[in-house]
Amino acid sequence: MAGGGGGVSPLGPSPPMWYHRDLSRAAAEELLARAGRDGSFLVRDSESVNGAYALCVLFQKHVHTYRILPDDEGFLAVQTSQGVQPKRFKTLPELVSLYLQPSQGLVTTLLYPVDREETAVSDDRDYSDGEDEKPPLPPRSASTSTPPGTDTPTDSIPAANGLSTISHEYLKGSYALDLEAVKQGACSLPHLNKTLVASCKRLNGEVDKVLSGLEILSKVFDQQSAFMVSKMIQQVQSVNQGGDQELENLVTKLAILKDLLSSIEKKALKALQDMSLSSPCSPPPLSMRHSKAIPVQAFEVKLDVYLAELTKIGKSQKYTLSVDVEGGRLVVMKKVKDSQEDWTTFTHDKIRQLIKSQRVQNKLGIVFEKEKDKSQRKDFIFASAKKREAFCQLLQLMKNKHSNQDEPDMISIFIGTWNMGSVPSPKSVASWVLCRGLGKTLDEMTVTIPHDLYVFGTQENSVCEREWVESLRCMLKDQTELDLNMFFSPGNKGAVGVSFMFNGTSFGFVNCHLTSGNEKIARRNQNYLDILRLLSLGDKQLSSFDISLRFTHLFWLGDLNYRLDMDIQEILNYINRKEFDPLLKVDQLNLEREKNKVFLRFAEEEISFPPTYRYERGSRDTYVWQKQKATGMRTNVPSWCDRILWKSYPETHIVCNSYGCTDDIVTSDHSPVFATFEVGVTSQFVSKKGLPKSSEQAYIEFESIEAIVKTASRTKFFIEFYSTCLEEFKKSYENDSQSSDNVNFLRVGWSNKQLTTLKPLLSEIEYLQDQHLLLTVKSLDGYESYGECVLALKSMIGSTAQQFHTYLSHRGEETGNIRGSMRVRVPSERMGTRERLYGKSVVNSAGLIWNVTCDLGLCHLFVNQSLSVSFCGDEIWSLVTLHIFAVLCRCRHSLGQLESCLPQLFLLNLSIYIFYVQALWGSSSSSLSVGESSVGEWLQRLGLERYEQGLLHNGWDDLEFLSDITEEDLEEAGVFDPAHKQILLESLRQQQQQQQK
């Protein structure tokens with residue numbers, strides 16, 4: 001927080017009770033509404049300006065917000081209109097005292113302070129799950145860290161002149177008592193010791209903070225002595241302090257501090273010099289690499305035919321589909337008579353599209369190219385849904401290997417999370433990487449095919465960093481038969497995140513370990529919200545948005561520690577019967593998500609495996625749910641603590657192909673959890689036609705926008721627009737309509753004249769179809785966000801305006817909704833396109849363009865890749881071991897420079913690692929277009945997902961039968977808007993025409 005003039009704390013001698021620190025805007029409005037009296041007020045930290053405050057005042061049931069800004073000298077003033085001289089104050093209490101007087105320019109006099117609720121942190125911690133030395137993460141405060149010159153007392157200990165004051169008191173009184181004791185033969189001065197201990201109490205805490213920071217730097221830049229440094233610091237910090245021992249302990253800390261301060265800069269300089277002298281390592285040529293040859297795989301299927309055709313054929317026909325990945329061929333063979341066979345071979349370029357049925361999980365439609373511009377579709381029934389997915393994966397792999405396209409447009413991702421229980425892992429964890437075990441697993445035909453990206457998150461990992469990294473490297477090499485390059489960097493205690501760009505697609509990964517304990521739901525929710533807000537990850541220009549909106553795809557994994565709210569015996573009975581649905585209905589995470597308290601609009605694959613915690617170590621047959629503690633018997637019911645969730649931008653392609661846990665890794669009381677994903681990626685687009693001329697410029701035009709925001713404020717608002725397709729963010733003018741039917745909600749609108757026209761950097765339709773627009777609704781009084789959202793441009797491209805309607809969120813909570821009409825106007829010269837096989841457009845690219853800062857939190861290193869690493873933690877959330885590993889297997893262009901750009905950095909408790917492999921299958925790749933596989937995906941593409949429940953309820957659950965739907969059917973399903981009915985029917989008509997070609 002900005003310091004006041006002369007080094008005085010802006011909060012005065014102690015924080016006043018009406019100062020609520022980093023309380024959110026919405027929570028502040030709730031407190032004032034609860035107070036209910038005109039003139040009620042509070043002060044909180046500003047959400048829009050670091051170091052600033054927001055004065056919130058209730059008047060006539062509306063909340064008015066005034067920004068309090070620090071100037072260059074640290075003085076505070078309420079933001080005034082242009083030309084009005086502001087009144088400056090050294091501290092907040094001084095400023096507030098002025099406005100307690102009438103007629104000072106506010107909407108009303110400040111009358112009734114609303115005090116913050118001081119909640120004592122309970123020390124009744126549940127450490128019964130092996131977390132005895134890891135206290136839970138307390139609520140974070142953005143204002144807890146103060147810049148130099150700021151002095152924020154944490155208790156009643158005397159401040160800057162404390163030692164001087166206490167020394168005078170000692171010399172005036174206690175000195176005589178010590179003198180008398182010495183005369184009687186005493187060898188110590190108890191009263192002087194007491195004086196020194198009291199004087200240095202604050203110094204003790206400051207030294208601990210500095211030592212913690214130096215310990216991290218020591219682990220980064222001086223791995224050889226880092227272990228001994230950590231051990232010494234832990235020893236001095238764990239001593240029970242009192243009397244002489246406390247002073248001796250402080251002296252020891254100061255000695256360690258002196259040694260570290262005098263040596264750390266030299267060691268850091270040497271590490272960075274070593275890094276700068278390293279020369280980029282070139283990856284070996286493709287001819288020197290080898291990957292595991294994939295044998296021809298055969299699938300027994302039946303041809304799915306309509307009843308009329310079946311009567312002609314006589315019976316369902318049996319086929320064999322043989323996928324030759326190495327040869328690039330699909331052989332479709334049917335048995336004609338006895339041993340005679342009729343077969344047709346399709347090369348990889350003749351397979352146009354795969355269409356997965358949502359209603360029949362083992363049904364797949366394949367569109368073959370027969371002649372130029374003509375195609376034929378055949379539907380096959382596989383033995384199981386797992387066999388269908390295996391076939392699709394092999395076909396995708398074949399396309400990737402033999403296509404002439406420069407870059408992939410679909411990649412495969414493995415994600416694993418495991419609480420290792422503070423014990424070493426077994427020699428092999430291959431079942432984890434191969435997704436073998438319980439739940440939704442991969443088919444054995446494809447289980448050994450390498451993924452493009454591997455992400456590992458661990459908690460309570462006690463294995464030596466080098467040993468753990470090397471074991472993963474060897475294991476992945478055994479599985480992929482490829483040499484691995486590696487990048488790794490440090491994080492800090494707490495949640496950890498990593499983000500990067502894959503061509504034009506942004507990825508974010510967060511791994512965390514939340515508070516344990518059956519009853520600590522609220523604390524876990526707060527942990528999540530703190531991480532969501534405080535984890536600094538991704539594009540810094542998107543600081544107005546929390547991390548859930550900064551990435552095309554965000555994956556969140558870890559030991560989330562949510563439990564089951566059910567009697568232990570009932571839980572065990574359901575598990576024994578493998579009946580998981582009743583348990584999932586009382587799963588705390590599911591319940592909190594249903595209330596929109598955490599993981600707003602995240603997705604999670606259906607859970608079909610038993611609870612992963614708390615097993616008896618050495619077995620997966622028995623849950624240990626009781627543990628004797630000093631405070632009594634503690635109960636830990638079996639629960640799905642270990643989870644993997646994700647959130648993706650609208651109209652993007654992502655499918656979860658597996659989600660389960662191992663059943664043969666038994667060293668921990670948690671089972672490792674795995675998931676695999678098929679994810680569409682976009683090109684780093686480079687225009688073939690150059691920058692557009694004025695006549696060829698594309699435009700993003702808005703006809704109108706209307707937002708309903710949850711607020712008791714009646715200020716004016718504007719909208720900010722962000723996108724990678726814009727040179728810089730743009731702002732609208734203030735809203736020109738405003739109304740309210742409810743004191744807690746406000747409807748604001750912008751007509752066309754208030755909305756700016758946006759000009760994309762490039763005008764090609766292939767480029768624009770992959771772009772998204774981020775919107776944030778901000779107030780004019782405090783420039784704070786009242787809600788954010790993301791829109792896909794793909795559905796908005798055309799000559800006529802299209803409707804959009806989506807939700808607004810802020811700080812992880814839903815705060816309203818926004819709707820409007822817009823169009824993306826693309827000139828005819830830039831309309832050329834090519835379909836991706838999973839339903840998106842793609843173009844060739846001149847290459848990867850990655851040139852962003854690698855943010856390691858402690859130091860900033862510029863690398864030739866777009867890679868960002870960050871962390872969020874707390875000093876007392878200790879011994880939480882988190883790791884993220886990734887393997888980038890299929891990328892045509894060189895990633896080899898990354899390894900040598902960075903020093904080899906280690907942390908004992910927490911690290912992030914990136915492993916990657918160059919060009920797994922050669923220099924070309926493409927993707928199969930899996931058309932919308934469900935009614936839900938189709939509606940999402942059109943921006944009309946609100947109608948999914950009504951359509952499914954009325955039996956319209958399969959895209960194949962939707963072509964018969966009428967306007968009356970749509971109305972019965974709840975679609976009454978004429979424009980929406982027209983959009984749905986026109987989309988179905990176009991799909992039917994494409995299938996008939």
Side-chain angles (χ1 to χ4, degrees), residues 24-30 47-48 63 65 528-529 532-533 542-551 554 593-603 647-651 700 702-723 729-750 754-755 758 772-793 795-796 802-822 940 943-946:
S24 70
R25 175 194 53 77
E29 291 187 2
E30 288 182 13
E47 292 184 2
S48 59
V63 175
T65 303
Y528 163 76
L529 293 173
L532 191 72
R533 180 169 55 91
L542 301 180
S543 57
S544 297
F545 304 85
D546 65 51
I547 59 173
S548 71
L549 287 176
R550 293 184 193 173
F551 305 104
L554 174 67
R593 288 178 62 204
E594 287 173 6
K595 299 173 189 174
N596 286 340
K597 289 190 175 182
V598 292
F599 293 100
L600 182 66
R601 307 299 175 101
F602 275 73
K647 186 174 185 178
S648 299
Y649 280 176
E651 299 188 36
I700 302 172
F702 293 90
E703 290 191 351
S704 64
I705 294 180
E706 180 183 86
I708 299 176
V709 293
K710 182 181 180 182
T711 181
S713 173
R714 292 302 178 262
T715 183
K716 290 286 189 176
F717 294 85
F718 64 94
I719 301 174
E720 287 183 349
F721 302 91
Y722 294 79
S723 177
F729 81 91
K730 299 293 183 181
K731 290 169 56 175
S732 75
Y733 297 99
E734 67 180 54
N735 60 291
D736 51 3
S737 67
Q738 191 163 308
S739 62
S740 177
D741 300 325
N742 184 315
V743 70
N744 295 317
F745 290 89
L746 184 65
R747 186 190 303 270
V748 291
W750 292 263
Q754 302 300 107
L755 297 166
L758 307 177
H772 290 81
L773 198 61
L774 293 168
L775 280 65
T776 173
V777 179
K778 289 188 172 181
S779 64
L780 279 176
D781 58 7
Y783 290 85
E784 293 181 321
S785 175
Y786 281 59
E788 305 96 47
C789 70
V790 59
L791 302 175
L793 294 189
S795 298
M796 304 296 151
Q802 303 294 318
Q803 304 291 320
F804 66 86
H805 189 183
T806 188
Y807 71 101
L808 292 170
S809 66
H810 181 63
R811 286 190 167 193
E813 301 176 13
E814 191 161 346
T815 58
N817 60 75
I818 188 169
R819 65 180 181 179
S821 58
M822 62 179 288
Q940 186 180 39
L944 299 175
E945 55 266 31
R946 77 194 82 164

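When all heavy atoms are compared, the tightest approach of Gly749 to Asn735 is O-CB, 3.2 Å. Contact between Gly812 and Asp546 at its shortest, heavy atoms only, is N-OD2, 3.5 Å. Nearest heavy-atom pair, Leu755 versus Ser732, reported as atom, atom and distance to 0.1 Å: CD2-CB, 4.0 Å. Counting all heavy atoms, side chain and backbone alike, Ser809 lies closest to Leu549 at OG-CD1, 4.2 Å. Nearest heavy-atom pair across Leu780 and Tyr783 is O-CE1, 3.5 Å. Between Ala792 and Pro650, the closest heavy-atom pair is CB-O, 3.7 Å.
With sequence neighbours excluded, the residues forming a side chain to side chain donor-acceptor pair (under 3.5 Å) with Ser648 are His553, listed by chain and number. Annotation: ring pair (Phe, Tyr, Trp, His ring centres under 6.0 Å) contacts of Phe729 (sequence neighbours excluded): Tyr722. Every ring pair (Phe, Tyr, Trp, His ring centres under 6.0 Å) that Tyr528 has, sequence neighbours left out, goes to Trp556, Phe599. A search for side chain to side chain contact (heavy atoms under 4.5 Å, CB included) contacts involving Glu30 returns Lys710, not counting sequence neighbours. For Ser785, the side chain to side chain contact (heavy atoms under 4.5 Å, CB included) partners are Thr776, Lys778, Glu788, His810, not counting sequence neighbours. The side chain to side chain donor-acceptor pair (under 3.5 Å) check on Thr806 picks up nothing, with sequence neighbours excluded. Residues meeting the side chain to side chain contact (heavy atoms under 4.5 Å, CB included) test with Asp781, sequence neighbours left out: Thr65, Ser713, Thr715, Ser779. Listed by chain and residue number, Asn742 satisfy the side chain to side chain contact (heavy atoms under 4.5 Å, CB included) test with Asn744 (two or more places apart in sequence, or in another chain). When the salt bridge (charged side-chain N to carboxylate O under 4.0 Å, His left out) test is applied to Glu814, the partners found at least two apart in sequence or on another chain are Arg601. Every side chain to side chain donor-acceptor pair (under 3.5 Å) that Tyr807 has, sequence neighbours left out, goes to Lys647. Partners of Asn817 according to the side chain to side chain donor-acceptor pair (under 3.5 Å) rule, which considers only residues two or more places apart in sequence or in another chain, do not exist here. Listed by chain and number, the residues in a salt bridge (charged side-chain N to carboxylate O under 4.0 Å, His left out) with Lys597 amount to none (sequence neighbours excluded).
Under a 3.5 Å cut-off, the side chain of Glu784 and the backbone N or O of Glu47 do form a donor-acceptor pair. A distance-only check finds no donor-acceptor pair linking the side chain of Ser740 to the backbone of Leu746 [under 3.5 Å]. Judged by distance alone, with hydrogens and angles left aside, the side-chain atoms of Glu29 form a donor-acceptor pair with the main-chain N or O of Ala712 at under 3.5 Å.
In this structure, OG on Ser704 lies 9.0 Å from CZ on Arg819, to the nearest 0.5 angstrom. Leu793 CG to His772 NE2: the interatomic distance, rounded to the nearest 0.5 Å, is 7.5 Å. A distance of 9.0 Å separates CZ of Phe702 from CE of Met796, quoted to the nearest 0.5 Å. The distance from atom CZ of Arg747 to atom CD of Glu706, rounded to the nearest 0.5 Å, is 4.5 Å. The distance from the CG atom of Leu758 to the CG atom of Leu773 is 6.0 Å, given to the nearest 0.5 Å. Note that the OG atom of Ser723 and the CG atom of Leu775 stand 10.0 Å from one another [nearest 0.5 Å].
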From CA spacing to verdict: side-chain contact (heavy atoms from CB on, under 4.5 Å), Phe717, Trp750: CA-CA 9 Å; Phe717 294 85; Trp750 292 263; 3.9 Å; yes
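Under the 3.5 Å distance criterion, with hydrogens and angles disregarded, no donor-acceptor pair is assigned to the side chains of Arg533 and Ser24.
Between Leu529 and Arg811, the closest side-chain pair of non-hydrogen atoms is not below 4.5 Å. Residues Val709 and Thr815 have side chains not in contact (no heavy-atom distance under 4.5 Å, counting atoms from C-beta outward). The shortest distance between side-chain heavy atoms of Tyr786 and Leu808 does not fall below 4.5 Å. Looking at Ile818 and Ile705, their side chains come closer than 4.5 Å, going by heavy atoms from C-beta outward. Two residues are said to be in side-chain contact when any heavy atoms from C-beta on lie closer than 4.5 Å; Phe804 and Gln802 fail this criterion.
The distance between the ring centers of Phe551 and Phe545 does not fall below 6.0 angstrom.
Relative to the ring axis of Phe602, Arg593 does not place its NZ or CZ within 45° and under 6.0 Å from the centre.
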